[in-house]
Amino acid sequence: MSSPAPSVQADAHVPKPVRAPFIALYAFAMFGIWMSIMLPASVTLALRISQIDPDGKNVSYSIAAGVGTLVALIANPLFGRLSDRTRSRFGRRRPWIVIGLAGTIVGAIIIGLSNSFPLLLLGWIIMQAFVNAAIAATLAIVPDRVPPRQQGLVGALSGMASSAAVLVGVFFVQWFPTNVLAQFGLPVLVAVLFAGLLVALFRDDQPAPADIGPFDFREFFGSFYINPRTSPDFAKFLLALFLVACGMGVISTYTVYLLQDRVMPPEAELPGLITLAYVIPGIVAVISAPVAGWLNDRTGRRKLVLGAAALFIAAGILVLAAADTVPLFMIGLVLVAGFGTGIAYGSYIGFAVATMNDPATAARDLGVVNIALSLPYSVMPFIAPLLLSIGGGTSNYPALLIVSAVLTLLSFIPMLLVRTTR
């Protein structure tokens, strides 16, 4: 029987501990980058589509969510691969952060000025592609610069940043309820500010090794594939993360419509309830994520922590399947988008790095991790119309929610088979 794959740092030089200022700046940079894409994905894109195509919003939003996420699935590992191979005198991560933010600005402007769904979709594709270049390069700083005993905490802060991004970003919607450019543009400006500071201060970013081979078709397709024979535990982790994300993806994608179509509050109360639907779980997730990261570093029980996230997500989804009142809806949402998502975001990067086995492909590997985390956000919107139509109607949300809860619980099978970490 073959021995377990070594950790990504097993044969590499272990970085020196990072100090609090660097950790704080990294967290704020991730906060800005995540807000530039998470707020549109969670709130403002759905609202914008409701304005442009009110009668066909469900189909249009499913198309936008699915296509946008497919673009992200390709862009993240591809730009990660390019980042791993970049030999710029500015390093291998910083150039792609800058390129990614520049493209994100262009996409946000197109969405803000759009007056038709095709033009909005074009802007969304551009945003998804380029923001994932910035995400891939920024996430790779963790294995590049952070020692193993701090990776859980720093990775958790990245997860916390994504939750805090939606939490803070929702207030942009409240402050500028009719200004689409502000709703899409202000989060991007926050990303430019904090990520720009990180780029300016991260001066020890190293270029790729000089002996790296050419970027051919084999290398291109290798950006999206992990060999389960050479990286068995990493492959199992990816499958487990994918299944956990099935539950998160459904709730994140359909929160607004679940509130509109299942709870059916008065139209005048809807904006305030949408805000609460993101603020309350967001606060819980912001608190849960660093606690999960601390437990990862403190106990080394990465499977236990991610497993707890799966249980919270499945339980919350089942509550939402029965929810027809605001209090019950909020309880289910807090379990899924608060505790479940917060713990998952606080633990998945540390779990991923613990099962990776090649430090030379850190950005690519984390890009594939992003595929596992993001693919359900693309797959589930395409499957959702079939599940929603069970029974002859167009809103069978219990069927959609129960299926996503079952998929989430199935994550325990590959998770328990991982052997290189507890």
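No hydrogens, no waters, no symmetry mates; every other heavy atom, side chains included, goes into these values.
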Report all side-chain donor-acceptor pairs from residues 269-295 shorter than 3.5 Å, counting only partners two or more places apart or in another chain.
unit_1: Thr275; atom_1: OG1; unit_2: Gln174; atom_2: OE1; d: 3.4
unit_1: Thr275; atom_1: OG1; unit_2: Gln174; atom_2: NE2; d: 3.4
unit_1: Thr275; atom_1: OG1; unit_2: Pro271; atom_2: O; d: 3.1
unit_1: Tyr278; atom_1: OH; unit_2: Ser42; atom_2: O; d: 2.6
unit_1: Ser288; atom_1: OG; unit_2: Val284; atom_2: O; d: 2.8

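- Nearest heavy atoms, Met127 versus Ser36: CE-O, 3.1 Å.
- Put simply, the side chain of Ser231 never gets that close to the backbone of Pro228: no donor and acceptor are under 3.5 Å apart.
- Aromatic ring centres of Tyr257 and Tyr61: separated by under 6.0 Å.
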Problem - Full working for side chain to side chain contact (heavy atoms under 4.5 Å, CB included) between Leu258 and Val263 - result: CA-CA 7 Å; Leu258 281 169; Val263 181; over 6 Å; no
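- Of the charged side-chain nitrogens involved, at least one lies within less than 4.0 Å of a carboxylate oxygen, so that Asp144 and Arg92 count as a salt-bridged pair.
- With respect to Asp204 and Lys16, no salt bridge is recorded, no charged nitrogen being found less than 4.0 Å from a carboxylate O.
- Sorted by first and then second residue, the pairs that involve residues 319-344 and meet ring pair (Phe, Tyr, Trp, His ring centres under 6.0 Å), not counting sequence neighbours, are Phe312-Phe339.
- Between the Arg262 side chain and the Ala321 main chain, a donor and an acceptor come within less than 3.5 Å of each other.
- Residue pairs meeting the ring pair (Phe, Tyr, Trp, His ring centres under 6.0 Å) criterion with at least one member in residues 401-422, sequence neighbours excluded, do not occur.
- At distances below 3.5 Å, at least one donor-acceptor pair connects side-chain atoms of Thr408 with backbone N or O atoms of Gly247.
- Between the CD atom of Gln128 and the CG atom of Leu121 there is a distance of 10.5 Å, given to the nearest 0.5 Å.
- Asn132 places no side-chain N or O within donor-acceptor distance of the main-chain N or O of Ile135, the cut-off being under 3.5 Å.
- Considering only heavy atoms from C-beta on, Asn76 stays 4.5 Å or farther from Ile371 through its side chain.
- Taking CD1 of Ile343 as the start and CG of Leu311 as the end, the distance is 9.5 Å to the nearest 0.5 Å.
- With values rounded to the nearest 0.5 angstrom, Leu243 atom CG is found 11.0 Å from Leu238 atom CG.
- Counting only heavy atoms from C-beta outward, the side chains of Leu373 and Met248 approach each other to under 4.5 Å.
- Using cut-offs of 30° and 60° on the angle between ring planes, the pair Phe237 and Phe234 is parallel.
- In this structure a side-chain-to-backbone donor-acceptor pair under 3.5 Å is present from Thr341 to Val336.
- The two residues Pro40 and Trp124 have their closest heavy-atom pair at CB-CZ3, 3.5 Å.
- Between the CG atom of Leu239 and the CD1 atom of Ile413 there is a distance of 9.0 Å, given to the nearest 0.5 Å.
- Minimum interatomic distance between Ile33 and Leu101 (heavy atoms only, all atoms of both residues): CG1-CD2, 4.4 Å.
- Between Ile251 and Leu401, some side-chain heavy-atom pair lies under the 4.5 Å cut-off.
- In this structure, the side chains of Val188 and Phe184 stay at 4.5 Å or more apart for every pair of heavy atoms.
- Contact of the Thr138 side chain with the Arg93 side chain is not registered, since no non-hydrogen atoms from C-beta on lie closer than 4.5 Å.
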Practice task
Any chance you could lay out the side chain to side chain contact (heavy atoms under 4.5 Å, CB included) test for Phe351 and Val418, step after step, and finish with the verdict?
Solution key: CA-CA 10 Å; Phe351 200 154; Val418 172; 4.1 Å; yes
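- Side chains of Phe22 and Ile141 form a contact here, defined as non-hydrogen atoms less than 4.5 Å apart.
- Not a single donor-acceptor pair under 3.5 Å links the side chain of Thr299 to the backbone N or O of Asn296.
- For Leu328 against Ala323, the heavy-atom pair with the smallest separation is CD2-CA, 3.6 Å.
- Annotation for Gln150 and Pro17: closest pair OE1-CA, 3.2 Å, computed over non-hydrogen atoms.
- At least one side-chain heavy atom of Ile109 sits under 4.5 Å from a side-chain heavy atom of Ile105.
- Taking each heavy atom of Asp205 and Arg94 in turn, the nearest pair found is OD2-N, 2.9 Å.
- Ile111 contributes atom CD1, which lies 9.0 Å from atom CG of Leu122 (distance to the nearest 0.5 angstrom).
- Contact check on Lys236 versus Asp233 returns a salt bridge, with a Lys/Arg side-chain nitrogen under 4.0 Å from an Asp/Glu carboxylate oxygen.
- Rounding to the nearest 0.5 angstrom, the gap separating the CZ atom in Arg145 from the CD1 atom in Ile23 is 10.0 Å.
- In this structure a side-chain-to-backbone donor-acceptor pair under 3.5 Å is present from Thr104 to Val131.
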Practice task
Take Tyr26 and Val142, measure what side chain to side chain contact (heavy atoms under 4.5 Å, CB included) needs, and give me the verdict at the end.
Solution key: CA-CA 9 Å; Tyr26 179 83; Val142 176; 3.3 Å; yes
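- When side chains are defined from C-beta on, Ser347 does not count as touching Lys303, because their heavy atoms never get closer than 4.5 Å.
- Crowding of Phe242 atom CZ: a count of heavy atoms from other residues, nucleotides or ligands under 6.0 Å exceeding 12.
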